[in-house]
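Here the structure is laid out as structure tokens; the discussion comes afterwards.
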Amino acid sequence: MAKENDTVLLQKLHKRFDPMYGEILRKMRLYCRDMDIQALNKAYNLGMEAHRHQKRQSGEPYFDHCMNVALILADLRMDKATIIAGLLHDTVEDTDVTLEEIRDEFGDTVALLVDGVTKMSSVKFQSKEARQAETFRKMLLSMAKDIRVIIIKFADRLHNMRTLQHVPENKRERIAVETRDVYAPLAHRLGIARIKTELEDLALKHTNEKAYRDLSKKIKVSKARRQAYIREVTAPIEKELKKHDLEAGISGRPKSFFSIYNKMEKRNRPFEEIYDLLAIRIIVDKIEQCYYVLGLVHSLYLPVYDRFKDYIAMPKINGYQSLHTTVVGPKGRMVEIQIRTQSMHEMAEDGIAAHWKYKEGGKEERSQFEEHLNWVKDLLDRQMQEKDPDDFMESLKIDLFQDEVFVFSPRGDLIKLPKGSTPIDFAYAIHTNVGNQCIAAKVNGKIVALRTPLKSGQQVEIITSHNQKPNQDWLAVVKTSKARHWIKKILREEQKLQTLQIGSEILTKYLKKHKLSPDNPKVSELLGEFGFQDLDSLKFAIGRGDFLVENLGKKLFPEPEEKKKNDNFFVKYLRRARSESGIRVQGIDNMLIHFAKCCQPVPGDRIIGYLTRGKGVTIHRTDCKNMIKLYEDKERIIDVEWDIADQQKFQVHLSILGEDRKNLLKDITQCVSKQEINIIGVSFKVEDMYAKGQLDVEITDLQHLTKIMKNIRKISGVFTVERLDDTSQLT
Ligand code: MN
């Protein structure tokens, strides 16, 4: 009934009111079931009347701005109270209308929203930092009350930015910078991508007009070529989807101006050389189809290693969900492909505005919404403690820019690192020498291993040792180019030195058999003949295995050489250097080596040696709990690496949890022995309904272990299989 009335009214309204208001109603109609035309009309009339004599700087009637704000809100599919508040958002501040009148006419909710927006404006501070901090604070306060306030504020700012060219030039820059530094990051944090992107692009337009114009021209000029390329990429995907009876929406577009501009700046490259400026999006119905489509895409195009990201299983901090993969497209160009469901897509575009609509909805939506609000509350709480606006901005930025990690030195210096950075990156950021000699780190006062990823807000202190040197493992965990550069450089030098040392030792030992020493004139006389400039280059060539010391022998001792053996001196030497334990210790001395009982490393594990007092070197996994304590004993830490000559066996304890069923133990032991693995010990007991036990096996390396664990997990009734890494758990 009410619906029909609304429809009739709506048709009348279309004729009676200006088209912009009609457009608001038309948009709301698409999603709003109880739009209350009467109230909307009342708001329209009140706003129109109140702003009647006001004009914007463009010369347009002021109320046009209010309707544009309401229009943006309708695009975000906000509820009627928000749209009404959008229409009236400037009345209390700029006209004679009072908050009481609004409350009387439209109720508490609309009044609260209008009041929230009103209180947020009028920030008067001298310094830019203080003003920004205060703006942020007000935004957060209003958000904590009702998130819709901030959404209206975003819509307000978006329209003001769209019309910024009418604002006097001396004000433009300030507004654009504030938009870029305050509004856009906040919109991003709240997941409202479409507002964030437009705000950033508009901010760029007014902070760097030339760059913006250049970019927009180039994007326009390259449009046809880009579209052709997109078709070239998507056509095979579409064909494949059809073959598998999958319906999906595929679209491709250039990335935002701001993000292309950032890429050009960061990489210091011209537009023409930024290849990944387009993203292709595939939208499907169900989550499982996302993964299915991913498989199809990867069967068509080679995925770029390490560029796949599963934000469905692990959503971004702002709630964003999608699969991202970068593939090598036609002509060898890299193309990013995003795969998501329709509802993920809505969340990605509208963020908290979408969550808000689901506030009354299911459990999951509600919890995501609350997570957003909790973040706001946490921030406010911290803000109360940060009286200094600079400090507040710092702490806020930590939360806003999640792609970066902000950590502090013991002196309180702020260090900005890429996400995933480790204490090693931090150490190199402090000083090259600190990086080269870092051995462990204290994070918030606790010792952690060097490869532990850092989190924003942590205080990091680096423990150094003169005996420490960068090692190969570091390269796998560092995220900054500075750290990578220095580690590589030192490793190269290190290797050179070691090669020289090995060569020298081989030469000395070989010559010793013939009662000669390397600095004997007979040796130096021969150097030129073999093309060596000096003794060191000879040693180096020997150490690298490029030159066999026997060749020198043929010249030095023309008498018949000792009987031909399969191995030359070089190979024999290396074989001996490999200790029997399968571990190669830094340097070349043979040392007494044994494996730590607590963590039981197996080949493939990252390992480190600890020089015990009188018992040689104990090998631990680098993440072993005991080892972490030992890191403090810097002088006794030794770099070691695996060097397995023969198949050697290593003991591992596995803890298994399964259902208490007949033959479970038999199935497990059979599975293990089928893979020719020795079982050293088994103990199982029944607890409640579960069978819990430990299996001790002998394996050859990490790969081997992973395979066994996988196979045990496949046995029906087995819940978990875990490697025990701490003896304390055994008892
Ligand atoms: Mn406004």
Side-chain angles (χ1 to χ4, degrees), residues 18 20-21 23-24 27 40 43-76 78 80-99 101-102 106 109-124 131-132 134-136 138-139 141-143 145-168 171-172 174-180 182-184 186-187 190 192 194-196 198-199 202-203 206 353:
D18 54 85
M20 211 189 301
Y21 181 56
E23 182 66 8
I24 297 171
K27 282 200 169 150
L40 282 161
Y44 174 83
N45 287 327
L46 179 66
M48 187 65 123
E49 181 61 25
H51 290 292
R52 189 181 37 179
H53 299 302
Q54 296 170 347
K55 291 239 183 301
R56 300 201 89 207
Q57 260 141 342
S58 61
E60 288 169 339
Y62 192 91
F63 194 59
D64 275 15
H65 161 69
C66 308
M67 285 197 288
N68 270 302
V69 169
L71 211 52
I72 293 168
L73 292 169
D75 274 333
L76 286 169
M78 298 307 293
K80 59 177 187 246
T82 312
I83 307 273
I84 290 173
L87 286 169
L88 301 174
H89 78 272
D90 279 331
T91 50
V92 173
E93 198 187 354
D94 296 341
T95 75
D96 298 335
V97 177
T98 64
L99 197 61
E101 279 173 68
I102 290 181
F106 302 97
T109 311
V110 174
L112 179 124
L113 296 178
V114 173
D115 189 38
V117 178
T118 308
K119 281 191 175 137
M120 236 194 289
S121 42
S122 73
V123 177
K124 293 175 199 84
R131 197 170 48 229
Q132 285 193 350
E134 185 57 15
T135 309
F136 260 127
K138 287 198 168 188
M139 284 179 147
L141 275 170
S142 70
M143 274 156 72
K145 274 194 208 131
D146 193 314
I147 201 80
R148 287 173 290 183
V149 174
I150 198 82
I151 296 172
I152 298 171
K153 196 68 198 164
F154 281 143
D156 181 39
R157 176 54 62 111
L158 184 54
H159 184 251
N160 286 336
M161 284 300 289
R162 284 179 186 167
T163 52
L164 195 63
Q165 68 273 20
H166 302 299
V167 169
K171 282 189 182 169
R172 268 182 235 166
R174 177 183 71 74
I175 296 172
V177 167
E178 186 187 57
T179 301
R180 185 192 63 201
V182 179
Y183 284 81
L186 203 51
L190 296 174
I192 317 176
R194 71 162 113 169
I195 286 194
K196 171 228 171 200
E198 196 180 341
L199 286 178
L202 289 167
H206 291 282

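Keep in mind it's a predicted model, so treat the numbers as computed, not measured. All ligand and atom numbering here is 1-based and tracks the order in the structure.
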May I ask you to check whether C66 brings an N, O or S atom to under 2.8 Å from the Mn ion (ligand 1)?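 No, C66 does not qualify, because none of its backbone or side-chain N, O or S atoms lies under 2.8 Å.
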
Can an N, O or S atom be found in H159 less than 2.8 Å away from the Mn ion (ligand 1)?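 So H159 does not bind the Mn ion (ligand 1) by this criterion.
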
If you look at D90, which of its N/O/S atoms is nearest to the Mn ion (ligand 1)?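 Answer by atom name: OD2.
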
Does the side chain of D156 come under 3.5 Å of the side chain of H89 through a donor N or O and an acceptor N or O?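 The criterion, which ignores hydrogens and geometry beyond distance, is satisfied for H89 and D156.
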
Within rounding of 10°, what is the angle whose vertex is the Mn ion (ligand 1) and whose arms end at OD1 of D156 and NE2 of H89?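 About 90° at the Mn ion (ligand 1).
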
For the CG atom of N68 and the CD atom of E23, what is their distance to the nearest 0.5 Å?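 Between N68 CG and E23 CD, I get 10.5 Å after rounding to 0.5 Å.
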
Approximate separation, where rounding is to 0.5 Å, of T91 OG1 and F63 CZ: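 Nearest 0.5 Å value for the OG1-CZ distance: 9.0 Å.
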
Closest non-hydrogen atom pair, M20 against M67: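 Closest approach of M20 to M67, heavy atoms only: SD-CB, 3.7 Å.
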
